[in-house]
Amino acid sequence: MRNKALLFSLFAAGVLFSCQNNNSAKNNMEEEKETTAQWVNDPHTYADPNEAVVTHLNWDAVVDFENKKISATANWDIQTSPKAEKIIFDTYGLDIKDVKVDGKPADHSFGDFDQEMGKPMMIVISPGAKQVSITYETTEQARALQWLAPEQTAGKKMPFLFTQSQAILARTWIPTQDSPGIRFTYKAKVQVPDSMIALMSAENPKGKNTSGQYSFNMPQPVPSYLMALAVGDVAFEPVSDRTGVYAEPSVLDKAVYEFTDLEKMVQAAEGLYGPYAWGQYDIIVLPPSFPFGGMENPRLTFATPTILAGDRSLVALVAHELAHSWSGNLVTNATWNDFWLNEGFTVYFEQRIMEEVYGRDYSEMLASLTRNALIRDAAEIGKENPEDTKLKLNLEGRNPDEGVTSIPYDKGYFFLRLIEETVGREKFDTFLKKYFETYKFKVMTTEGFIDYMAENLLTEEQQKEIKLNEWIYSPGIPDNLPVVKSERFVAVDQAMESFIENGSLPAKEITDRWTTHEWLHFINSLPRTVDIQKLAALDQAYNLTNTGNSEIAAAWFQPAIRNGYAPANSRIENFLVNVGRRKFLTPTYKALLDNDQREMAMGIYEKARPNYHAVSRETMDELLGYSEE
Ligand code: BES
Ligand code: ZN
């Protein structure tokens with residue numbers, strides 16, 4: 001009986017029932033015949049939820065800007081197997097002060113430290129233990145946290161803190177079972193300086209209070225990579241009765257203007273794949289050092305200010321993070337090897353939202369840019385690491401961050417688009433809606449998804465026809481990559497042709513109607529070598545170097561660097577020093593290195609590095625061969 005209750009709760013906690021278990025060494029319940037609860041082995045956690053698993057967190061924290069640390073108690077509700085002797089947590093650089101089990105001091109020990117995984121913490125328990133309470137402080141090893149000085153914010157007056165937990169950095173600020181397959185609900189109490197507000201991936205306050213004490217509730221279970229906290233001088237403005245925007249006061253109006261279509265997007269998403277499961281959908285615009293474009297923290301997407309173009313042209317990113325509310329946050333990749341299930345689905349869903357809200361000819365421009373980028377990137381990754389061009393990745397023993405490439409995103413997208421084109425949109429939509437409904441608050445493996453498709457969507461013939469196995473398990477891009485036809489880009493191609501042939505600039509009447517995406521296509525289509533005079537003419541006519549659009553600027557840096565177009569240099573430097581978004585940093589530094597500008601790259605990096613979040617810093621250190629003396 002007890003065992004049955006446990007099985008149910010493991011299920012509720014998000015531990016997958018599945019037949020492909022290869023984890024028997026870890027599985028303490030294996031003799032118990034009726035056991036079907038099996039956990040998909042996740043190489044990036046030390047936790048063994050079959051023995052003991054967390055179900056709910058009460059987090060009580062003080063944010064100390066002066067000492068740049070969080071002091072906290074993580075009070076975990078747990079569930080144990082009948083033979084449990086210990087519960088294992090992931091920790092990384094945490095200073096553990098005190099450990100209690102059901103209110104009494106408990107023995108605990110640590111395993112060896114691993115540079116990527118951190119240290120397992122084993123806490124002695126007996127079967128039936130209910131609560132584990134861990135008091136601790138974060139250290140400067142907390143790679144999830146970025147403590148910003150006032151100068152790094154828009155307001156320049158108050159410091160700022162934000163977290164980035166995905167993929168395995170939650171353990172650097174909370175002792176947790178840090179696997180996408182382990183979900184828990186949470187409540188939190190967070191004390192911050194009284195002039196600031198705290199926000200989490202939970203039900204959030206709509207404004208500051210005078211005490212600096214904030215309470216949070218997250219009633220839906222989430223995996224720890226979705227734990228998030230932001231603290232700063234931030235205000236809120238609603239967009240609709242269930243969507244809104246948080247930003248520093250001086251950025252708020254611009255942000256609200258940019259995100260006017262938020263409610264439309266949520267409605268489009270719901271129309272496609274079912275009700276939004278998380279209540280409120282808000283976005284917080286962070287300072288520019290945020291290392292990503294966006295992060296799908298439930299109820300509160302974290303976003304880079306570099307999408308505030310002033311003309312709403314970069315809101316596909318919002319559609320993307322919103323889409324994760326289904327793909328990723330509801331149905332979650334079982335391990336980081338299945339990352340394409342999070343990101344490929346999300347790019348597909350993002351495209352569909354964009355098509356719904358802005359029309360097919362608009363969304364096909366996005367698809368075309370994506371396709372070109374995929375072909376470029378796959379070739380590049382394939383040279384060094386062909387294995388990493390498979391949809392199903394093998395990241396064991398590596399930092400899962402290494403799997404964050406165009407492959408899971410864009411190869412994943414085109415694989416799903418191929419399936420849509422094969423079975424027809426209507427059928428595919430019905431299938432996807434049911435998929436999200438069936439697996440909500442659970443995990444999915446690549447194999448589980450293939451099986452589900454075989455049962456519910458694709459005949460054996462169709463699986464062969466689309467080359468399903470090749471898409472998922474072979475490197476490179478299969479020859480049936482869907483083709484994208486963008487009429488609007490055909491016009492851009494023509495403009496490019498005459499520019500190359502006779503240097504004639506595309507006419508103002510034409511470019512006045514161009515969106516950001518036409519410009520990106522135009523710039524990306526420039527030949528490898530272009531006369532500096534021609535670049536100067538373009539720059540003069542269309543103000544490319546000093547554009548306020550971050551995507552256009554970053555694209556423009558490529559031909560500028562390739563061809564030694566010096567007038568762009570100071571803008572490049574300024575951009576790299578102020579923006580920490582890795583997607584822009586990597587190609588720009590790379591272009592400098594590839595074009596004999598190592599000295600310039602290193603000079604800029606010396607200045608810029610202190611501004612970067614650890615996630616970007618680690619990638620750039622490696623790219624530039626930088627080491628701190
Ligand atoms: N979840 C990702 C960001 C991420 C992935 C962080 C892996 C850490 C590890 C987020 O949804 C994302 O994909 N962001 C993109 C947005 C883009 C594809 C629209 C980004 O940041 O550029
Ligand atoms: Zn994403």
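Numbering of ligands and ligand atoms starts at 1, following listing order. What's counted below: heavy atoms across the whole structure, side chains too, no hydrogens, waters or symmetry copies.
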- [ ] Measure across Val577 and Asn611 and return the closest heavy-atom pair with its distance rounded to 0.1 Å.
- [x]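 Answer, listing the atom of Val577 first, then Asn611: O-ND2, 2.8 Å.
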
Counting only nitrogen or oxygen atoms and a 3.5 angstrom limit, does [X] reach ligand 1?
{"X": "Glu296", "result": "yes"}
{"X": "Ala316", "result": "no"}
{"X": "Leu317", "result": "no"}
{"X": "Lys583", "result": "no"}

TODO: State the atom name: nearest N, O or S atom of Glu343 to the Zn ion (ligand 2).
DONE: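 So the atom name we want here is OE1.
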
Quick one: nearest non-hydrogen protein atom to [atom], plus distance?
{"atom": "atom 5 (C) of ligand 1", "result": "Gln166 OE1, 3.4 Å"}
{"atom": "atom 10 (C) of ligand 1", "result": "Gly294 O, 3.2 Å"}
{"atom": "atom 15 (C) of ligand 1", "result": "Glu321 OE2, 4.1 Å"}
{"atom": "atom 2 (C) of ligand 1", "result": "Glu343 OE2, 3.4 Å"}
{"atom": "atom 20 (C) of ligand 1", "result": "Gly293 N, 3.4 Å"}
{"atom": "atom 13 (O) of ligand 1", "result": "Tyr409 OH, 2.6 Å"}

Open item on the list: Would Arg582 count as a contact residue for ligand 1, given that I'm defining contact as a non-hydrogen atom of the residue lying under 4.0 Å from a ligand atom?
Closed with: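 Contact check Arg582 vs ligand 1: negative.
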
Task: Contact check, Phe339 vs ligand 1, heavy-atom distance below 4.0 Å - done: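 Contact present.
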
Hey, is [X] close enough to [Y] for a salt bridge, meaning N to O under 4.0 Å?
{"X": "Glu364", "Y": "Arg371", "result": "no"}
{"X": "Glu387", "Y": "Lys392", "result": "no"}
{"X": "Glu248", "Y": "Lys254", "result": "no"}
{"X": "Arg242", "Y": "Asp282", "result": "no"}
{"X": "Glu618", "Y": "Arg143", "result": "yes"}
{"X": "Glu258", "Y": "Arg312", "result": "no"}

Open item on the list: When you compare the side chain of Leu161 with that of Ile70, does any pair of heavy atoms fall below 4.5 Å?
Closed with: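 Yes, close enough: below the 4.5 Å cut-off.
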
Task: Contact check, side chains of Ser363 and Gln351, non-hydrogen atoms, under 4.5 Å - done: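 Counting from C-beta outward, Ser363 and Gln351 do come under 4.5 Å.
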
Report, in ascending order of atom number, the atoms of ligand 1 lying under 4.0 Å from any heavy atom of [X].
{"X": "Val404", "value": "7 (C), 9 (C)"}
{"X": "Gln164", "value": "6 (C), 8 (C)"}
{"X": "His324", "value": "11 (O)"}

TODO: Begin with the C-alpha distance, continue with both residues' side-chain angles, and end with the deciding distance and a verdict on ring pair (Phe, Tyr, Trp, His ring centres under 6.0 Å) for Phe216 and Tyr186.
DONE: CA-CA 8 Å; Phe216 302 90; Tyr186 75 89; 7.9 Å; no

